[in-house]
Amino acid sequence: MPLKMGVATVTMNRPPVNSLNTEHLETLHRTFIRLENEKCRGMILTSSSPTVFSAGLDIREMYKPELEKARKFWRTLQDMWLKLYSSPYPTVAAINGHAPAGGCLLSLSCEYRVIVPKVRMGLNETQLGIVAPQWFQDCMRNAIGEREAEKALIAGRMFSSEEALKVGLVDEIAQNKEECIQKAEAFLASQANLPMLARKTVKLGFRHQTLSRLLTGREADTKIFIDYIFQPKVQKGLEMYLQSLSKKAA
Amino acid sequence: MPLKMGVATVTMNRPPVNSLNTEHLETLHRTFIRLENEKCRGMILTSSSPTVFSAGLDIREMYKPELEKARKFWRTLQDMWLKLYSSPYPTVAAINGHAPAGGCLLSLSCEYRVIVPKVRMGLNETQLGIVAPQWFQDCMRNAIGEREAEKALIAGRMFSSEEALKVGLVDEIAQNKEECIQKAEAFLASQANLPMLARKTVKLGFRHQTLSRLLTGREADTKIFIDYIFQPKVQKGLEMYLQSLSKKAA
Amino acid sequence: MPLKMGVATVTMNRPPVNSLNTEHLETLHRTFIRLENEKCRGMILTSSSPTVFSAGLDIREMYKPELEKARKFWRTLQDMWLKLYSSPYPTVAAINGHAPAGGCLLSLSCEYRVIVPKVRMGLNETQLGIVAPQWFQDCMRNAIGEREAEKALIAGRMFSSEEALKVGLVDEIAQNKEECIQKAEAFLASQANLPMLARKTVKLGFRHQTLSRLLTGREADTKIFIDYIFQPKVQKGLEMYLQSLSKKAA
């Protein structure tokens, strides 16, 4: 995370697919706090993987769960998101690979999104038989509007890069990974001369309702997650999924 | 209404223009309940008329009204809509003819809309000197957004098929009636393999606020309708309109 | 302000740039009240300047302020806006010159916007280190939607005529000032035959929430303004800005 002229690049680097476990979420959370304290002037969120931005939540955190560990996992996810979504500095996602589910949420929490060609992104929870948390859905609605969000979330739709641009899920398509970072830097440069206090106040004004909705319903949101993963049927599904992954890896 | 692989086609057949009287609304309401009970996997709403999807509410239910009959008419309309808008199964409107006012509402209450060329649809109540009920307006706003809905509803605008597509009031234009049904079936096919419980939960989450708004204000909504139609001025207008219709028919 | 067939053209004429001081705001407010009382059938808001629609609030009203005068200024702005935004007659802005900040607000408060080529408009407060009042922001959000409004307001973006059309900030671009008025008249003509009571009721229904938000928070909104301009730092900034203006003029 080199800081160049006050701009930080946060490169997720948890091979193979930047899945978000408690530890990785804590690292992100701490990083966002540090950037805030260091009066960061802008942040690019990207991935070290050649193919994946982030595959989303690490389902190993949900398999054979212990109550306290599972609760900590979910609360860390909430903490990380609350910091990122309300960050006082400008944020941009350089989506240099696939971004399903929690990976899509990370990008939606930034202020601007640039994507490389031929990747897919979206809140695909419905396809997995899961209901995306309300705040995931709110982020999507804020980005693409009520109608497109309803269609996308009902179907758990994964968007191609071109589809994402058309619907407003991303702001730009780059030709490749290098240009993706360049365009992200250009966005930050366009924000650099704005009075930061006014800028931050307007941003928080827009995001206040969505942030409040999680903050006031945080325990209920955690309970929904816990109740869900402790269902035997869900555990059976996770087991089969993990077995299929290890076969692929073998 | 043949059920093919769990998919139902509901073809409105009340000549000449599928105007919605109490009886027809009851039939639709009962049909939607039955589909829900029979674990329907998808529903296409269309019309047997070669030119009209539905002309909307039957104004004969409003002319020389009796209080209890008029109340029953309006409550049946509300009941039908509450079932359709919250249906647990996927719904698509094959708009194979004109769809003004209540006809437009029927299509807006489905999840997806395909239209044939050269027809017109919209909430045109303002043109008739009427204010569209709040829930009609909410459905329009959810489909095309705040700004376009304000413009359309203030003017009671009827959209051509092409205009409806451009503004997002429909999702696709078909070449003809046959292709209209095919595209509707294709939408249902695209939804068929989705986990139905998650799908339904997401749909209800999106529609909850609009449903609640009518449910909590249902009696007030009925009163607005009753007070309106019992105005002598309104009755005079309906009388002239019905006379002009019978002259045309003669 | 000649009335032709019930249609009024309100031409702002406070050289050089139609900046909005208390007196000019009072004139606008009184004009809107008069049009309402005279059962106006439609109003075009435009400017006598060849280059500027309105430069926004007159900062001389904020420099070396007296409490009561400053309060009156802000309350007059609120009064004027409440009348314009809720007007029972159709309104259209013929944006025949630049429209930053308060000038943009004036146009956003009309129902329809036509712009000439090669001008710029937007709520650019952030660029000046100011946070646009909530109701300014609400007007922008109602016009262009949540996502585009967030981006535009965070950056205090000024839109070119073409950009404004693309994002929905204006409804049409005219070739020149004359055509701008013609298109504004055409909009009013399109509304002229609509039943005015139903039309007005639908319009107020759409605008009710935004109006209420200011009405219920009016004193707080005034306090934010007063607290802001009485900051020594802000006064210093205004002083430097006014000096630069008088040098230009010299």
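As a basis for the values below, the full set of heavy atoms in this structure was taken, side chains included, without hydrogen atoms, waters or symmetry mates. Naming: A, B, ... by sequence-line order, numbering from 1 per chain.
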More than 12 heavy atoms of other groups within 6.0 Å of K177(B) NZ: yes

Using every non-hydrogen atom in the two residues, find where Q127(A) and L194(B) come nearest and quote the distance to one decimal. CG-CD2, 3.8 Å

For chain B, find its close neighbours in residues 147-155 of chain A: heavy-atom separation under 4.5 Å, sorted by number, or none. R147(A), A149(A), E150(A), K151(A), L153(A), I154(A), A155(A)

Can you tell me if CD on E162(A) sees more than 12 non-hydrogen neighbours from other groups inside 6.0 Å? yes

Answer with side chain, backbone, both or neither: which region of Q137(A) has an atom nearer than 4.5 Å to a non-hydrogen atom of chain B? side chain

Atom CZ of residue position F230(A) - does it have more than 12 heavy atoms of other residues, nucleotides or ligands inside 6.0 Å? yes

Are there over 12 heavy-atom neighbours, none belonging to E239(A), within less than 6.0 Å of that residue's CD? yes

Contacts of type ring-ring contact (aromatic ring centres under 6.0 Å, His included), residue Y112(B), not counting sequence neighbours: F187(B)

Examine whether an atom of E111(B) lies under 4.5 Å from a heavy atom of chain A, and if so say whether it belongs to the side chain, the backbone or both; otherwise answer neither. both

Within a 6.0 Å radius of atom CG on D227(A), are there more than 12 heavy atoms belonging to other residues, nucleotides or ligands? yes

Contacting moiety of D171(B), where chain A heavy atoms sit under 4.5 Å: side chain

Tell me whether the count of non-hydrogen atoms from other residues, nucleotides or ligands lying under 6.0 Å of CD in Q209(B) goes above 12. no

Please determine whether the number of non-hydrogen atoms from other residues, nucleotides or ligands lying under 6.0 Å from atom CD of E219(B) exceeds 12. yes

